[in-house]
Each structure stands twice: as C-alpha cells, then as structure tokens.
Amino acid sequence: MDILTDILNSAGLHKSLLVRRAIYKPWAIRFPCVKSMGFHVVTHGKVYVRASRFSEPLALERGDIVLMKRGFDHEIATDPDLPSATQSVDESNPVVVTADTPDAKPLAVLVCGVYQFQTPPIHPLFAELPEVLVIRASEIASHSPLYAAQQLLAAEMAQSESEQGTDSVVKSLVDVMFQYILRDWLNRKADRESAGPSHWSQVLRDTHLSRAIQAVHAQPESTWTLDVLARTAGLSRAALAQRFKRLAGDTPAHYIAKVRVQRAMDLLRATDDSVERIAQRVGYGDPFVFSKVFKRIQGVSPRQFRTSLAQTA
C-alpha cells in the first residue's frame, strides 16, 4: 500500500492541468485555492507570485518550483508591478496566452498543476505542509528524480505545438512532478528534523510504524486493536504506543479513527450509501459509535456533512 497515494485519494483528489503555455505579453492571473492545492514550475524566463500574505512578490526563475497549500489564494504575474489580475483560472479557462507573431520570444514559460480536494483533507500530513513551499533550481540535485522529471517537462514545453502527444505527455509529467515534490519535501523534512519534534516523515521512515500504517490504509475496515496493530508492526503493545506517540504525536486509535473518517467523508460524497452502510464499510459495526467519532473529528454529524456537500456543490 502506497501511503501517500492513499492519503491523497482518500481526500477525493481531483487533478487538472490548467496552465501550460508560453507567455508572450505582460500578464497576471488569479489562482483561487479554496478547495485546491497546486504547484508552479518555470521552464523559461521569470514570473512573480503575489499574495496578500506576502510582504513582497516571490520571484521564480527558470527551474524554480513553488507548491501552494490548499486555501492559499495567489496571483502569478510576469511583472511585480502589474495591476491586480481580473481573470481567474478555472477548468473552463485554461489560459492560453498566444504570440502576436510567429517568431515572438516568450517572456516566460510556465506549467501549473492544480489539484482539488473533493472533501477537506484531515490527515496530519496536510497540517505539517507549509503554506508555501519553494524549491529553487539550485537545490535540486542533478541525480534526483525531481530533476529528471523537470528536465523532461522543460523539453516537452519547448516542442512545437504541432508535435503529436504533447498534451498527454505534459499532463503525465505534471502528475509525476506533484508526487516528486511531495516526496522531496518529506525527505528534506525527515533529514532536517530527525531529532526534532514529531512529524509524519519520521513515521514513514520507521520500519515498524510504516508497516502498521500501510496495513491500516490498506484495510481501514479491519478490527484494529492495539494487539493486532502491534503484531503487524513487529513490536510489543507498549513499544508501539510509545513509538507512535513519540514520532506521530498521536495515539494509534486516534490515527485509525482519522483514516476511517476521511474514507467515510469520501463515501458520503461519492455514493448514495446510507450512513449505516458507510459505517460498516469503514470499520464501525455500530452506526451510533461511527457518528460519534465522525462528529468528534469533523465537528458535524455524517448526515450534516453530506448535506453541506450538496449545498456547496
């Protein structure tokens, strides 16, 4: 079981590539991020990220990458002093900025991957993710998978628009880069904070805990007692509880409840199953217990949550 992929999928991740063209004229556009997170990579030239929470625009040059956390509204502009953008990116507006003449040179070439969550992500990994993660080109090792994916993306963006298959290749590379960016962040965090406070990169690197976590994500509906989880991890009950608390900052029982509730949130959104049936599907034989756990974690009952989804659809 790939834990990171399951964490993303359980939050109903919906991927879409919204900007993938060269920019030939002064240009600014808004990225509303109420439900989405995403990244920008510059393959040519220079752009600026502007946001109300920035004291000054963030400059991005060729090879730089920035990842924006869910909820971080911002703008991308070719000049920091351009007026505020009047246009926003959405799926109906893919933002193709064309040249006035065939031989025009672009100011910048930008690729943006936008990923929308269909339900609020509640896994602790998202709480640890910084609002803005900047990876400079100089920080990306030439032997790393992220560098290789970035070079392939830049090469594909330099192709003629008439080249067959470019859109499909770029879309695939954007998804690959999204995973590599998250992996790069987790690895850097683990290396930097190995002796620091609890965080999820430590849990994923721990042989025993990662084995237990993989089993939980593969079958959250199973009967996960501390005894069963300890045997899966290859630890005693006491050792598992202590190590989990030290590295994850949580108890195994509370973590399992979060995994189940996140899965239930997606089922409430994506299916017409009754609350009772969803309770069974995520490991709760008693729907009353399920509703109580759901409300404790999410703040509303499962039925209220489903109603709120319908109202905001």
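For the numbers below, each heavy atom of this structure counts, side chains included, while hydrogens, waters and symmetry mates do not.
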Who pairs with [X] by side chain to side chain donor-acceptor pair (under 3.5 Å), at least two apart in sequence or on another chain?
| X | result |
| --- | --- |
| H254 | D250 |
| R277 | none |
| H44 | none |
| T5 | D2 |

Query - Non-neighbouring partners of F39 that pass ring pair (Phe, Tyr, Trp, His ring centres under 6.0 Å), sequence neighbours left out - result: none

Report task. Under the ring pair (Phe, Tyr, Trp, His ring centres under 6.0 Å) rule, collect the residues that match up with F294, sequence neighbours excluded. Result -> F290, F305

Got a list of side-chain donor-acceptor pairs under 3.5 Å for residues 174-187, not counting sequence neighbours?
residue, atom, partner, partner atom, Å
D175, OD1, Y115, OH, 2.7
D175, OD2, K15, NZ, 3.4
D184, OD1, R188, NE, 3.3
D184, OD2, R188, NE, 2.4
N187, ND2, R183, O, 3.4

**Report entry** Counterpart residues, side-chain contact (heavy atoms from CB on, under 4.5 Å), relative to V42 (two or more places apart)
**Finding:** V47, L60, L110

Can you pull out every side chain to side chain donor-acceptor pair (under 3.5 Å) where at least one residue sits in [range]? Sequence neighbours excluded, please.
| range | value |
| --- | --- |
| residues 279-288 | D273-R281 |
| residues 290-304 | E276-R303, S301-Q304 |
| residues 223-239 | D227-R237 |

**Report entry** Partners meeting salt bridge (Lys or Arg N to Asp or Glu O under 4.0 Å) with R211 (sequence neighbours left out)
**Finding:** none

